[in-house]
Each structure stands twice: as C-alpha cells, then as structure tokens.
Amino acid sequence: MPVARPEPQEPRVIAHVDMDCFYVQVEQRRNPALRGQPTAVVQYNDWKGGGLIAVSYEARKFGVKRSMRGDEAKMVCPSINLVQVPVARDKADLNVYRSAGSELVAILSTKGKCERASIDEVYLDLTDAAKEMLLESPPELLELIFEEATKSNILGLPSDIGNREDSVRAWLCRADADYQDKLLSCGAIIVAQLRVKVLEETEFTCSAGIAHNKMLAKLVSGMHKPAQQTVVPSSAVQDFLVSLPIKKMKQLGGKLGSSLQDDLGVKTVGDLLSFAEEKLQEYYGVNTGTWLWKIARGISGEEVEDRLLPKSHGCGKTFPGPKALRNNASVKSWLDRLCEELSERIQSDLNQNKRIAQTLTLHARASKGNECDSIKKFPSKSCPLRYGTGKIQEDAMKLFESGLHDFLGSQNTKWSITSLSVSASKIFDIPSGTSSILRYIKGPNSTVSPANLDCSLPQDPSLGNKLYITPNHEEQCEPSSSEKEDRGKNSNLDKQHQVKEEKRMSKKLTDVKGTCSILKFLSQSSPVVNEKRKLDSLTCSHPGPESSSEPNKAEEHKSAQPFDRNKSNPSGSNSASSSTWMFNVEDIDPAVVEELPPEIQREIHGWIRPPKHSSSKTRGSTISSYFQPAKRS
DNA sequence: ACGGTTAATACG
DNA sequence: TCGTATTAA
C-alpha cells in the first residue's frame with residue numbers, strides 16, 4: 001500500500017526520464033539495419049514465436065502490442081523484425097540491457113540527484129541546477145533557447161494557436177512567470193540538454209516529464225512519446241488531474257484502483273476530490289487514505305533517492321504447463337543454473353561497485369500433482385548469502401527443500417514447480433579504508449591503499465589452509481603475471497618501510513580454515529550477527545574444488561574465493577594485488593585474536609555473534625553503523 | 001495450463 | 001525480521 005511522504009516546503013524540480021522502447025533501441029544499436037524498421041524484441045521464440053517484451057514505434061503503427069506472441073505480431077505486421085533476447089544457461093540473459101541502462105545513469109547522474117528507478121528509467125532532482133541556472137542565465141535572458149527545449153510539450157498551454165515552438169519558447173522565457181514556473185523552465189532546458197547528450201553518447205532516444213514532484217513527472221513522461229518531453233506547471237495540475245482516469249495513476253493500476261472504481265465509483269482523479277481525507281482513511285487505512293487525498297491534489301512528497309545501482313539482483317525462470325519440474329533432480333539442475341548467474345552478478349557487483357549482498361532468497365510457484373485442489377502458495381525462503389557459486393547452489397537447494405516441505409505439509413503427494421527464482425538482497429557498500437583492523441594490518445602510516453592490500457591463500461594446496469595477509473609477499477604467494485607487472489610500479493617504495501610493512505602484514509592469521517571474510521575485516525560488513533549462519537554470509541569459496549560439506553558447518557568451509565580488484569575497477573588506483581580473499585570471522589582462532597591489540601580485539605568481538613537475547617544495541621556499535629542504510633526522512 | 005523477468009514497496 | 005502481496009515496466 002502506498003504511503004504519503006512529508007512534502008518539502010521549497011518547490012522542487014523533478015524529472016522522470018524514460019527510454020523509448022528500450023530493448024528495441026538496444027537491439028537497433030547492435031544492428032543498425034533495424035533502425036526505422038518495425039521491430040520487436042521477443043524472448044524464447046520456440047513457442048508461438050516467443051513473447052514480445054518491447055515493440056518499436058514503427059511496429060506499433062501496425063497494431064503490434066507488447067502482449068502479443070511473435071506469431072501474432074507477424075500476422076498483423078508481416079515485415080516485423082523479431083529479435084531474440086540473448087540466452088545463457090537456457091534462460092533469458094538481460095545483461096546487455098542492464099549495461100545499456102547504466103550508460104544512461106552515467107550520463108543522467110551528472111546534473112543533480114539521480115535515482116535509478118528501473119533498468120531504463122531514472123528520476124532526477126534538478127532543483128539546485130535549476131536554481132543555479134535561474135541566477136546565472138535565466139531563460140528570459142537567453143538569446144537562443146535551446147532548440148530541443150522549445151520542442152517541449154507544456155501542459156495547459158494552448159496548442160491550437162500559431163507556431164507551437166514559438167509559444168513554447170515564449171512560455172519558457174516569460175519574464176512575468178512566477179518563481180516556480182521559472183524553475184520548471186530551467187528544468188525543461190536542462191532535461192532537453194541531457195536528452196540530447198544521451199542521444200549523442202548512446203544513440204538512444206528518451207522521453208521525459210518535468211514537474212514539481214515525482215508523481216507528476218512520471219505521469220507525463222510517457223504522455224508524448226517517443227523522444228519528447230512534457231512539462232507540468234502547477235497551474236495546469238488541477239485541470240490535468242480532474243479528467244485523468246484513476247487507473248493511470250502510479251500505484252492505482254491494480255486492485256486499489258479497481259476498488260476505488262468499483263467500491264467508491266471513482267473513475268477519475270477528479271472524482272476523488274469529493275472524498276474527505278477521513279473518509280478515505282476509513283476505507284483504506286490512515287496511510288493510504290492520506291496518500292489518496294494528496295495525490296488527487298497533485299501533492300506528493302516522495303524524494304528522489306541518490307542511488308545509481310539496483311537494490312537487489314534476481315534471476316528466475318518459469319516452467320509453464322508441460323515444462324513444469326516434477327522432481328528434485330530437475331529442480332536442482334535449474335536452480336544450479338540460476339544460482340550460477342546470480343553468483344556471477346553479485347560477484348561483478350562486488351568487483352565493480354564494492355557492494356556485498358547479505359540475503360539469499362528463493363521463490364517458487366508450485367502446484368500439487370494429484371489433487372487439483374488448493375492453490376496454496378509455495379513459501380519463499382531466505383538465508384544469509386554466502387559468496388561462491390557452489391555455496392549459493394547448496395543453500396538455494398536447501399531453501400527449496402525447506403520450502404517444499406512446508407508446501408507439502410504431511411501429505412505425500414506429487415508436485416510440480418512452475419517457476420523458480422533466486423535473488424540477492426540487502427546490498428551494502430563496503431566502506432573502504434575505514435576499519436581499524438585494516439589500519440592495524442596496514443599500519444597507521446601506510447601508503448598502501450586498501451586496494452593494494454594483498455591477502456592471499458597459498459595456491460599450493462599442500463600448504464594447507466593457512467591464511468596469510470601479506471603485501472605482495474612472494475615466498476608465500478606466487479603472484480600472477482599481472483601482479484608482477486603491477487609490482488614494478490611500487491618499486492619506488494621506501495625499502496626500509498616495505499620490509500617493516502611486510503613484517504607486520506605477514507603476521508600469520510593461521511588456522512582460520514580459510515573461511516573468514518577479509519571483507520569483513522575490511523568493512524565489518526554484517527549488522528546481522530544474531531545467528532550462526534549469518535556469520536558465514538560473506539564466505540566465499542575457493543576457485544578449486546568446491547567442498548561438498550554442509551553449509552551450516554563452518555569448520556568445513558575450507559575455501560575462499562578471490563574477487564578481482566584489477567578487472568573493471570578504475571577507481572582502485574594502483575592495484576597491486578589481484579585479489580582479496582574472504583574468510584569467516586567466526587572461524588578466526590581465538591588464540592590469534594588474543595595476540596591482537598585490545599581495540600582490535602574489541603572490534604572483532606563486535607563482529608561475532610552476541611549472546612542469544614542480546615539487545616539491539618550491538619547494532620549501534622561504530623562498526624555496524626557503517627552499514628545502516630542511508631536514512632530517509 | 002503462458003507474456004516472462006526483474007524490481008520496488010508496504011504490511012503484518 | 002521474514003514472508004507475503006501488490007504494483008510496475
């Protein structure tokens with residue numbers, strides 16, 4: 001249910017930018033022959049030509065709809081080009097679209113706060129940029145109003161008289177406009193510039209809405225498509241909303257919207273205006289009631305979050321009809337594939353963005369084989385996420401078995417799974433260089449950046465599972481060729497200093513059984529310390545043979561997996577080390593901890609599970625406070 | 001037993 | 001907190 005947010009006092013300038021038939025544009029860029037042609041993107045085309053997930057505007061003219069199958073599309077538009085979504089591991093692979101999406105974010109995040117709302121949409125808070133523009137080069141003084149901006153659609157502006165662009169230019173430059181409208185004008189110009197930049201740098205067109213809040217911006221971003229933008233002056237809001245069908249409002253496209261229509265006879269947003277806030281609260285609860293009352297008046301306080309990356313990663317697949325999975329082996333084989341993809345994705349998130357996911361969740365849809373009875377839901381299950389493909393696969397299978405157990409209850413009946421998905425959530429940034437353990441290991445005056453810290457397991461298994469943390473210590477770790485190259489760059493380090501550094505860093509953290517997370521060391525990652533499994537959450541597996549052990553038994557986790565700080569990590573300055581090893585704090589030998597200075601000991605103890613019914617105060621420690629998500633008001 | 005896949009949010 | 005439900009693109 002939606003909830004109203006307190007709205008800021010000052011007028012804001014908010015934009016919603018939305019790519020035009022995004023997947024199609026991505027494919028058209030990959031294959032320019034498709035440009036200007038009726039085109040659709042389909043996934044899995046063996047059944048009825050596949051399902052359409054994006055349709056070009058040329059194809060829409062023929063009546064091709066997103067809900068169609070490839071075969072249908074061919075019927076109404078024989079000349080249509082159907083491009084398939086890439087397939088990996090026998091499932092749709094959306095990576096090309098994801099990375100195209102980040103191209104946009106990279107461009108759009110250059111002017112003000114930017115929120116990645118989906119793979120192809122962003123919100124921008126341009127308030128500051130607009131204010132600045134108003135001070136320095138207000139539109140009324142601008143000799144040449146940016147051409148793209150004059151193509152804007154201005155809500156409430158009479159469109160039937162004279163040259164449209166002239167009247168838009170006149171509106172944008174109006175000297176007698178009120179402050180709010182002037183800000184919007186600046187916003188419109190900035191967005192126009194950004195959209196041109198997006199086109200120039202990515203070859204993608206987009207549409208946008210510019211308004212005083214997210215709701216209105218989103219509402220109009222799709223109003224004039226493709227490749228156009230629409231502005232909502234305050235003065236136009238009421239007229240615009242009164243006649244707007246209730247279902248067009250974000251959040252009202254589903255059951256809530258239907259209920260408004262069916263139960264209260266509310267067909268348009270205007271119809272909502274006649275209901276007192278208290279009435280709406282009676283029907284839908286305090287939160288939703290207030291929210292409804294406000295949105296009917298164009299009021300929405302939602303802030304644009306400063307977030308360029310997704311909050312979770314998931315992958316799944318459906319197994320419709322005859323494809324349903326009917327035994328553990330087929331579930332396992334699919335689950336393994338899904339987990340492989342998920343593992344790859346969180347691993348690259350770690351490498352590229354220094355973020356760690358903490359929770360693994362499994363969802364499934366199931367029906368019971370023999371009885372065609374209750375459509376009972378397959379429960380979703382989650383557990384701490386341990387890094388490493390094998391670990392994720394193991395854990396996901398366990399989650400499935402647990403879910404299946406709950407699903408079946410005591411009955412001993414056949415079952416079938418019609419969809420499976422795994423996701424990784426609760427993703428946190430790794431604060432770099434802030435941990436005292438890191439400072440201890442590195443020394444207070446170390447010139448070595450966190451990215452340079454070398455933490456390695458001996459590559460020779462016969463050396464056992466002792467873990468060493470060492471700055472490029474050759475006797476202990478045979479460096480990769482790339483490491484050797486990088487090492488040259490550091491040769492100017494003071495020799496004396498380096499020797500000292502090595503002494504300290506090569507302090508053996510022995511017998512940790514290879515399972516502590518160095519990231520835990522580096523970042524004190526987990527505020528989640530209440531259960532044993534969670535301490536495992538950052539464990540990685542060794543690139544070598546996966547242990548087939550019980551995931552719950554930490555002592556059997558003898559492996560750790562590196563992540564590559566060199567690859568695709570431009571910010572990593574001079575990255576001397578090739579990898580960071582993860583191991584499990586829980587498994588640190590207490591004797592080793594005792595050798596550490598008291599403040600480090602305290603820090604480590606802070607990571608380790610508190611007594612059973614400890615208060616939530618453990619979360620207030622300086623360590624875990626790094627990990628509190630940014631508070632929103 | 002078909003639009004599939006991926007996300008985000010709110011509630012209890 | 002987890003698990004569910006709703007919504008959206």
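Numbered from 1 within each chain, the chains take letters A, B, ... in sequence-line order. Small disclaimer: the values here were computed from a predicted structure and weren't measured. The figures here come from the full heavy-atom set of this structure, side chains too, leaving out hydrogens, waters and symmetry mates.
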Check whether any side-chain nitrogen or oxygen of [X] sits under 4.0 Å from OP1 or OP2 of [N], and answer yes or no.
X        : N     : value
A/Lys311 : B/dA8 : no
A/Tyr44  : B/dT5 : yes
A/Thr318 : B/dT5 : yes
A/Lys218 : C/dA9 : yes
A/Lys426 : C/dC2 : yes
A/Ser118 : B/dT6 : no
A/Thr418 : B/dA1 : no
A/Ser380 : C/dT4 : yes
A/Arg345 : B/dA7 : yes

Reported CG-to-OG distance for the pair A/Leu362 and A/Ser380, which is rounded to 0.5 angstrom: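 The distance works out to 8.0 Å.
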Cationic N near anionic O, under 4.0 Å, A/Arg355 to A/Asp349: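 Yes, charged N to carboxylate O under 4.0 Å.
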A/Lys317 NZ/CZ over A/Tyr44 ring centroid, <6.0 Å and within 45° of normal: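 Positive - A/Lys317 is close enough to the ring of A/Tyr44 and near enough to its axis.
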Rounded distance in Å between the P positions of B/dC2 and C/dA9: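 The answer is 23 Å between these two P atoms.
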Sub-6.0 Å ring centroid separation between A/Phe22 and A/Tyr97: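 No, the ring of A/Phe22 stays outside the 6.0 Å limit from the ring of A/Tyr97, centre to centre.
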Residue whose closest nucleotide on DNA chain B lies nearer the 5' end, A/Lys323 versus A/Asn287: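 Whichever sits nearer the 5' end wins; that is A/Lys323.
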Within residues 65-100 of chain A, residues whose heavy atoms come under 4.0 Å of DNA chain B: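 When residues 65-100 of chain A is checked for heavy atoms under 4.0 Å from DNA chain B, the hits, listed by number, are A/Arg66, A/Arg69, A/Lys91, A/Leu94, A/Arg98.
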Listed once per pair and sorted, the salt bridge (charged side-chain N to carboxylate O under 4.0 Å, His left out) pairs that draw on residues 204-231 of chain A, sequence neighbours left out: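 Salt bridge (charged side-chain N to carboxylate O under 4.0 Å, His left out) check on residues 204-231 of chain A returns A/Asp18-A/Lys225, A/Asp20-A/Lys225, A/Glu115-A/Lys214, A/Glu121-A/Lys218, A/Lys214-A/Glu302.
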Parallel, tilted or perpendicular, as decided by the 30° and 60° cut-offs, for the rings of A/Phe275 and A/Tyr283: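 Rings of A/Tyr283 and A/Phe275: perpendicular, as their planes differ by over 60°.
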